[in-house]
Amino acid sequence: MDKTYQPEQIETRWYERWEADNRFAPSGEGEPFSIMIPPPNVTGSLHMGHAFQDTIMDTLTRWRRMQGRNTLWQVGTDHAGIATQMLVERKVAAEEGKSRHDLGREAFTDKIWEWKHESGGEITRQLRRMGASVDWSRERFTMDDGFYKAVQEVFVRLHEENLIYRGKRLVNWDPTLHTAISDLEVENRDQQGSFWHFRYPLADGVTTDDGKGYLVVATTRPETLLGDSAVAVNPEDPRYASLVGKFVELPLVGRRIPVVADEHADMEKGSGCVKITPAHDFNDYEVGKRQGLPLINVFTQDAAVRETAEAFDLQGRPLADVDPSLPAAYAGLGRFEARERIVADMDAAGLLEQVETVSNTLPYGDRSGDVIEPLLTDQWFVAVEELAKPAIAAVENGDIEFVPKNYENMYFAWMRDLQDWCISRQLWWGHRIPAWYDAEGNVYVARSEAEAREKHGLPADLELTQDEDVLDTWFSSGLWTFGTLGWPEQTEELATFHPTSVLVTGFDIIFFWVARMIMMTLKFTGEVPFKQVYVHGLVRDGQGQKMSKSKGNVLDPIDLIDGIALETLVEKRTGNMMQPQKAKAIAKATRAEFPEGIEPHGTDALRFTFLSQATTGRDIKFDMGRLDGYRNFCNKLWNASRYVLMNAEGQDTGIDGGEVELSLADRWIVSRLQQTQAQVTRAMEEFRFDHASQALYDFVWNEYCDWYLELSKPVLWDEAASDAAKRGTRRTLVRVLEAILRLAHPMMPFISEEIWQRVAPLAGTRAADGDSIMNQPWPLADEALVDEAATRDIEWLKGVIVAVRNIRAEMNIAPGKPLEALLTKGGPEDAERLAANRLFLSKLAKLERVEWLDDPEQAPLSATQLVGEMEVLVPMADLIDKDTELARLAKEIDKQEKLIGGIEKKLGNESFVAKAPEAVVEKERAKLADFEAARRLLVEQREKIEAL
RNA sequence: AGGACCAUAGCUCAGUUGGUUAGAGCGCCACGUUGACAUCGUGGAGGUCGGCGGUUCAAAUCCGCCUGGUCCUACCA
C-alpha cells in the first residue's frame, strides 16, 4: 500500500469495476428493499443537496444489500418541463439568435432532445463519482416510452372518473413564460408598495348616509380597476346598508357596477368598501362566485391591457350583456405602465383621495422571476379532494411514516386544505395532454387519436387536433414509484419492489412531489408508494446561508472531492453572473475563505462528512473543518491498515489451524467491536447517520488505533511472546479490521473496498477471487463475545498508563525518558493485574521497571496519581519543585473538595435519600468515597512535600 | 396572523425514557521525528447548557412565558 491515502487513485477504479461486474442489480434473493431516487433534472448538474441525499440513499442501499436484502436503488432523471425548456430556449437564442417560435414546436423539441442526449450524462456521471450503487440497467426518464404510456393511462382514467376536468378558471399566470403554474411554483416576496385610495362616484344621484356622492375603495393594483364588476360592503356594516343594490359608475370606464353585500369586505379596513375584480384576483373570484358577478378580463397573455374586455359567466361562457369597451388610452400598455397612467388619470379627475406606503407580498414565478398575474384561462385540473382522503388516511394509520415525525403535521395541514391542481402548462416540453378537439370545440380524451375516434364513434374524416398543452412535470413524477417498475403492466418488478421501502427527500418538495405521489400511487396501485419518508434538511454554507450563484457561496461536491485551484474556483463563482457587479466582492470573499483553493478530499471523506452532519430533519451547515477531519480519518484507517498488513501479510494469522491464544487486549477489542456493531446497526435503523458515523469513528480511532494497535506491538515484537499469542494477536488485528471495513463500507465504499481486498484473505473470510466487500455480510454483534471482565482490565491498564503520562506532563519529564513506577494500596486484584500486564504497561508507559509495593509506608517521595483505590507512584524526590508542586496540589485538593461538598449536600438532603431510587443514592455514595480517597491521597502528598 | 424547528466550548455539532465531574471534531496552548500515520502522538486550557419562572429529592433534558434566529402556510381589497 502507498504510504499516503490517495482517494483519486482508488475511487473511479472501483466504481467502474463494480458497475462492470453488475454489482448494483438486485440479487433476486431475500426480502426486497427498494429506494427510488428523486429524479434530478436531466440537464442539471450535481449540487450539494444531491450529494447529501445520494450519500444517505447509497448508505442505506449498501447497508441493506449487505444484510442480504434483495436491493434495488432505482435511478432516473426528470424532464423538468419549464426548467429545461427555458434552458434550451436561452441556448438557442444565444447560439442561433432564434426564439422557439422561430423554430416551431417540432424543431424546438427536437433541439431539447438533442440537448438531453448531449448533456444528460453530466448528472449521471457525477452520481457515479458519489459512489451511488444504483442499478444503471434500469435507468428511466420521465418522458421515455414507458412513462408516456403510464401518464396517458392515468390521465384517461382520472378523466373517465371525472377527477380530471377542463375549465376556464383563474390561475397563476406567468406573463413571461406564457403558461399557467401551480400555487406551489409561486414564491411570495415582501415588498414596499403603494396603496391607492380612489373615489368611485355613486350612480343615479344616490349618496351615502353622511351625504357623500362617492365610495372610497383602496387598492394596490389600480390597473385592475378596468375589470371591476362590483363594490362590496360587509352585510353587517350599518354605514352602507342603504347602498346595497345601488350602483357606482366605474371611473375612467363608465361601466355601471353594483354595490353588493359580501362578508369578504372587512368593516375594520379602510373605508369598509372594496372593489371586486373577479377575473384578476383570487379572493374577488370567490366573491364573484357568491354574488353571481361577471368575470371581466382586461389583460392579454402578456399582462397588457386589452383593446376591449372579455366578459364571462362563472361557467366560462361569454356574456353578451356586459359592455366590453375599455378606454382606448390604455390599450396595449403593460400592466405597470397602465397602473401609472390610471393613477395619474384618477388624480387628474380628482378621484385619488390618498396614497399610502404599505408593505405587501407579491407573487413571483419561481422560474421566470416575473410577477404572477391571476388570469382567466382554459386549463385542465385534477379534482384532488377524493384523492386526498386516502392519502391522508395512509399517514394517519401509519402505512406511511415520516421521519422525523413532525413533518406529518405539515403534510396534514396542506392535504386538508387542497385546491384543485392545475396540471396544464402552455409549454412545448413535456407530456402532451391526450385530448383531441373537433372544429366545434368538443373534447375527446383518449390514449390516442385512434382510440378517441373509436371510443366516440367519430367518422374517419372528422378533423381532430390534439390539445397544445403539456402536463405539469409533477404529474408524471407523481407516478415515479410505480411508473419506473413497468406500470401499467403488472410486472414482476412491481410485485417485488412496490411499495418501496423508503423515500429520501428534502422537506421542500413534500407538497410538490411526496403528497402527489401518495395520492396517485394509492389511486392506481392501491398501495402506498413507500413505507417511510426520511426528510432531510437543506445543505447550507458554513455560515448558514443558502448556497446560491448570486451569493457566490456555492460549493461543488466534485470540487470537494477532486480539489480545485483558487483561480479556477474564483472564475467558477464569478463567471457568467446575473449581477456582474457582485463579482468583485465574491472573488474577495472566496480568496479569503480558500487562500490555497480547495485540496482534494475524496468521495469517502465527503460522504462521511454529510453523514456525520445528518441530524434528523435539520438543515446542515456544511463544515469544511469536518471535511478535513474526516479526510484525516480516512488516512488514519489507511495507515492503520498498513500497519496491520505489515504485520500480517506473509505471516501466520491463525486461519490455517495452529494453537491460538488471545491476549487481554485481543479479547477486549473483540468485545468492543461487538458493541460497536450493535451501535452502528441501531443507528442505521433509526436513520441516525450522525450516530453511526460517530460510533465507527470512535471505535476505529480511539480504541482500535490508539489502544489496540499499540497493545499489539508488545506481543508481536516481544521475543518472549509465544507463537500462539502472536498468532492470536495477528488474527485479531486482521479480523477486527476486516469487520471495521464491512461496518464502514456503506458510509465509505471506496476505501473500505480497497483495503478489504488485501485484508480479507488474511482474515479467511473471502470465499474467492473477484469477491467484493459490497456483497459481504453486514457484521452482526455476537453477545457471547462481549467480555466485561476484559473491558474492566483494559480500563485499569489504560488508567495506569494515562496516570504515568500525566505525571510526565505535570513534572515536565520527556515523553521518552524511561521511568520507574510503583503501584500501591488498592486490592489483590490490582496486584494480579500488574502481574498479568507488566509487558503492556512497561511498553506503553515507557517504564523500565514497575513493581508492586505492599507497604505504602515504604513509598519514597513520588509524583502520584490515583487509579480507583490504587496509587501510581513515580519516585522522583530530586525532581520535585516544592512550591510548584504545593500549588498544584492545593488546586487539586480544592477541586476534590468542591466535588465532595456537592455530593455531601445531596446525601444530606433527606428527601433525596428517601425518594431517589436506591441505585442512584448508592452511586452517589460510591462517588463520594472515590472523591474522598483522592483527597486523602492529595493531602498525604502535600504533607510529604511540606516536610521536605 | 397560524404553525414548525432551533438556541450547549471560539466554530460545526452530539447529549436516548430527567440522576455524567456536560461530550466529540475542528481551532487554540505546551511538549514530542524510537520501525502505521506530522493528514500524526501525548498532555492541557476553554461551557452560569439564550433569559426568567414552574414541576421534581434531582432539570441541558419536562411545563409556561420572554428574547433571538431559521423556515413553512395564509393574508395583506
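Hydrogens, waters and symmetry mates play no part in the numbers below; they use all other heavy atoms, side chains included. Below, read A as the first sequence line, B as the second, and so on, with proteins coming before strands; counting in each chain starts at 1.
Among the protein residues, A:Glu810 comes within range of no part of the nucleic acid, since none of its heavy atoms lies under 4.0 Å from any strand. Across all strands, A:Arg416 comes closer than 4.0 Å to no nucleic acid atom at all (heavy-atom distances). Here A:Lys546 lies out of heavy-atom contact (under 4.0 Å) with every strand. Across all strands, A:Glu710 comes closer than 4.0 Å to base atoms (heavy-atom distances). Note on A:Phe931: a base of the nucleic acid sits closer than 4.0 angstrom, heavy atoms only. Within the nucleic acid shown, A:Lys898 has no heavy atom closer than 4.0 Å to any nucleic acid atom. Note on A:Val217: nothing from the nucleic acid sits closer than 4.0 angstrom, heavy atoms only. Contact annotation for A:Ala916: base contact, defined as any heavy-atom pair under 4.0 Å involving a base atom. Within the 4.0 angstrom heavy-atom criterion, only backbone atoms of the sugar-phosphate kind lie near A:Thr220; the bases stay farther away. Within the 4.0 angstrom heavy-atom criterion, no nucleotide atom of any strand lies near A:Trp196. Across all strands shown, A:Lys275 has heavy atoms under 4.0 Å from sugar-phosphate atoms exclusively, and none from any base.
Remark: B:A4 base-pairs with B:U70; criterion is Watson-Crick or G-U wobble with both hydrogen-bond distances under 3.5 Å. Partner assigned to B:U17 is none, using Watson-Crick or G-U wobble distances below 3.5 angstrom. Pairing of B:G53, defined by two Watson-Crick or G-U wobble distances under 3.5 Å, is identified with B:C63. Across all strands shown, the partner of B:U12 is B:A24, judged by Watson-Crick or G-U wobble contacts whose two distances both fall under 3.5 Å. Pairing for B:G41 goes to B:C31, judged as Watson-Crick or G-U wobble with the two contacts each under 3.5 Å.
Salt-bridge annotation for A:Arg221 and A:Glu373: present, with a side-chain N of the basic residue lying under 4.0 Å from a carboxylate O of the acidic one. For A:Glu286 and A:Lys289, the salt-bridge test passes: some basic side-chain N is under 4.0 Å from an acidic carboxylate O.
Both tests hold for A:Lys713 against A:Tyr643: distance to the six-membered ring centre under 6.0 Å, angle to the ring axis within 45°.
Residue A:Arg631 places no side-chain N or O under 4.0 Å from the OP1 or OP2 atom of B:C26. OP1 or OP2 of B:A14 has at least one side-chain nitrogen or oxygen of A:Thr615 nearer than 4.0 Å. Within the 4.0 Å cut-off from OP1 or OP2 of B:A38, not a single side-chain nitrogen or oxygen of A:Asn632 is found. Regarding contacts with the backbone of B:U42, every side-chain N or O of A:Lys846 stays at 4.0 angstrom or more from both OP1 and OP2.
A heavy-atom distance below 4.5 Å is not found between the side chains of A:Tyr240 and A:Val259.
In this structure, the NZ atom of A:Lys905 is 15 Å from the P atom of B:U21, given to the nearest Å.
Ring planes of A:Tyr630 and A:Phe633: perpendicular class, angle over 60° (limits at 30 and 60°). Below 30°, between 30° and 60°, or above 60°: for A:Tyr407 and A:Phe507 the angle between ring planes is below 30°, a parallel geometry.
The gap from the C1' atom of B:G47 to that of B:G10 amounts to 11 Å, rounded to the nearest Å.
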